[in-house]
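Have a look at the structure below, then the notes.
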Number of protein chains: 2
Amino acid sequence: MTGSDGIPAPGDVPAEDRPAVSVDLVVLTILDGKLQVLLVRRRHEPFGDMWALPGGLVRLDESLEAAARRQLLRKTGVSDIYLEQLYTFGDPDRDPRLRVITVAYYALVPVDAVPILKTERTEADIGWWPAEPPMPLAFDHGEIVSYALCRLRNKLDYTPVGIELLPQCFTLSELQRVYEIIMGRTMDKRNFRKKIRGKEWLERAEGTRRDGPHRPAQLYRFVSRRSE
Amino acid sequence: MTGSDGIPAPGDVPAEDRPAVSVDLVVLTILDGKLQVLLVRRRHEPFGDMWALPGGLVRLDESLEAAARRQLLRKTGVSDIYLEQLYTFGDPDRDPRLRVITVAYYALVPVDAVPILKTERTEADIGWWPAEPPMPLAFDHGEIVSYALCRLRNKLDYTPVGIELLPQCFTLSELQRVYEIIMGRTMDKRNFRKKIRGKEWLERAEGTRRDGPHRPAQLYRFVSRRSE
DNA sequence: GCAAAAGTGTTGGCCTTACACCCATGT
DNA sequence: ACATGGGTGTAAGGCCAACACTTTTGC
């Protein structure tokens, strides 16, 4: 069956003329005062021994987001996390073996929510690497990471994205540090507090954090988050 | 060859286990004082006789954007137009026949740049339809159109998107009308002019437009656009 | 008592909004 | 002359950036 306009219906295209479709994940966290991205080491050609984004092929019966969550769970053990579709990269030459179109997602995880990866990476084949400056990655994954960082920064202007990088309770200074790390610049403490106090997504939690020879800090919490 | 993590390399997946990949286009214009979207009438099941977004399968050797431009050229005869990737829709059930993942793009065209479509649609199988209120469309195309409108409105806040809907020379009133139509609300003439005058992407053109029993309007132009 | 981070207000500039009248032309 | 859209300024309020000192604790 062919459309009246000469365009074949999808089912008429031989399956071998179809590209493969994958998802790739830019999983970001804050570690050592820097944005870090989760990478896996490739074991095979092409790009053997290079670092790459975690990802994998989309199964025929799962949605794109489900595929992304499956990869995330497999690599990090975390589920129920902030995940957003980023962009779809489909340059015909991005994989030298065959045509692979990849739908990129990005995820933000509090570093202490990823138990497996809290240890230093030694020579394991998965680990956190600084998101900047860009390092050479397999395929077009460097470009995908840049794109994710760009999106994250824009998004921070109008949504409480920093939320996802902190544990349930946190101090305002910790939140400010997250913002500073993402934006790559320092901010004024009073202005920062003025801006975010009054946001509807923030509320005081009970208790304080005392973690040093100084005044304890009031704890805060995000309203209506996972586990509420 | 199988990855050390048990994940098959893309080439190891039988081609028949791959989804089909298409692009769909949300081509928007302003016509009759409304945002209108270009639709084609389906001639076959499923969704026979319903209206749908123009689109088609991605060829193995072309990039996603190239596929989108090819479809755009085929349906409208226009090339060299503003085109942006929107989102990728991949619900397993979005096409009842087989798994089709579609990468949606949106495009903005000045209505008078689409010669074929300036006529009313009669009973042709392609034509402009008001983008709002939403009408029932084939597949998940209604959702895609909503998404495009949402994106367009957000984008208008910080980029001169309205550009793409106007001919090369235009009056400030015409530009304001574009903004009003996109945003769905009226704006104050003096404030509007204050805001956009001083934008670096706008410059006065020579001449005026006199098209009625009233004062002629100064023409403006966008800097560094196609044909410059 | 001192080191270290927590906490707190005011001011000036800029941007956004609201608002009303005269101008140039065609008929 | 009049009808029609083109064109212009000002004042008030809100938002953002700059800026310095006191408080509470552990040692």
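In what follows, chains are A, B, ... by sequence order, proteins preceding strands, each numbered from 1.
- The D188(B) side chain lies nearest to dC19(C) when the options are dC19(C), dT8(D), dT23(D).
- Comparing N191(A) and P213(A) by the nucleotide of DNA chain C whose heavy atom lies nearest to each, the residue mapping closer to the 5' end is P213(A).
- When each of dG6(D), dG26(C), dA4(C) is scored by its nearest atom to the side-chain atoms of H214(B), the top-ranked nucleotide is dG6(D).
- For L172(A) and dT23(D), the CG to C1' distance is 16 Å, given to the nearest whole Å.
- To the nearest angstrom, C1' of dG6(D) lies 6 Å from CZ of R193(B).
- Atom CZ in R197(A) sits roughly 16 Å away from atom P in dC15(D) (whole-Å rounding).
- In this model, no side-chain donor or acceptor of K194(B) finds a partner on the base of dT8(D) within 3.5 Å.
- Comparing dG26(D), dT8(D), dT23(D) against the side chain of R215(A) picks out dT23(D) as the nearest.
- Residue R190(B) places no side-chain N or O under 4.0 Å from the OP1 or OP2 atom of dC19(C).
- Within the structure, a side-chain polar atom (N or O) of S173(B) is placed less than 4.0 Å from OP1 or OP2 of dG6(D).
- In this structure, CD of E174(B) is placed 10 Å from P of dG7(D), rounded to the nearest angstrom.
- Taking the six-membered ring for Trp and the full ring otherwise, F192(A) and Y179(A) have centroids separated by under 6.0 Å.
- In this pair, Y147(B) and Y87(B) present their aromatic rings tilted. The plane angle is within the 30 to 60° band.
- A straight line from CD1 of I196(A) to P of dC15(D) spans 16 Å, rounded to a whole angstrom.
- Side-chain N or O atoms of R221(A) include none that pairs as donor or acceptor with a backbone N or O of F170(A) at under 3.5 Å.
- Inter-residue side-chain proximity for Y105(B) and E84(B) is flagged as unmet; no heavy-atom pair is nearer than 4.5 Å.
- The nearest whole Å value for the distance from the CZ atom in R177(B) to the P atom in dT4(D) is 15 Å.
- For the pair Q218(B) CD and dC23(C) P, the computed distance is 19 Å after rounding to whole Å.
- For F139(B) and F89(B), the ring centers sit 6.0 Å or farther from each other.
- A donor and an acceptor atom never sit less than 3.5 Å apart when one is taken from the side chain of D211(A) and the other from the base of dA5(C).
- What separates OH of Y220(B) from C1' of dG6(D) is a distance of 11 Å, to the nearest Å.
- Between K189(A) and R185(B), the one whose closest nucleotide on DNA chain C sits nearer the 5' end is K189(A).
- Among the heavy atoms of the strands, none lies under 4.0 Å from R209(A).
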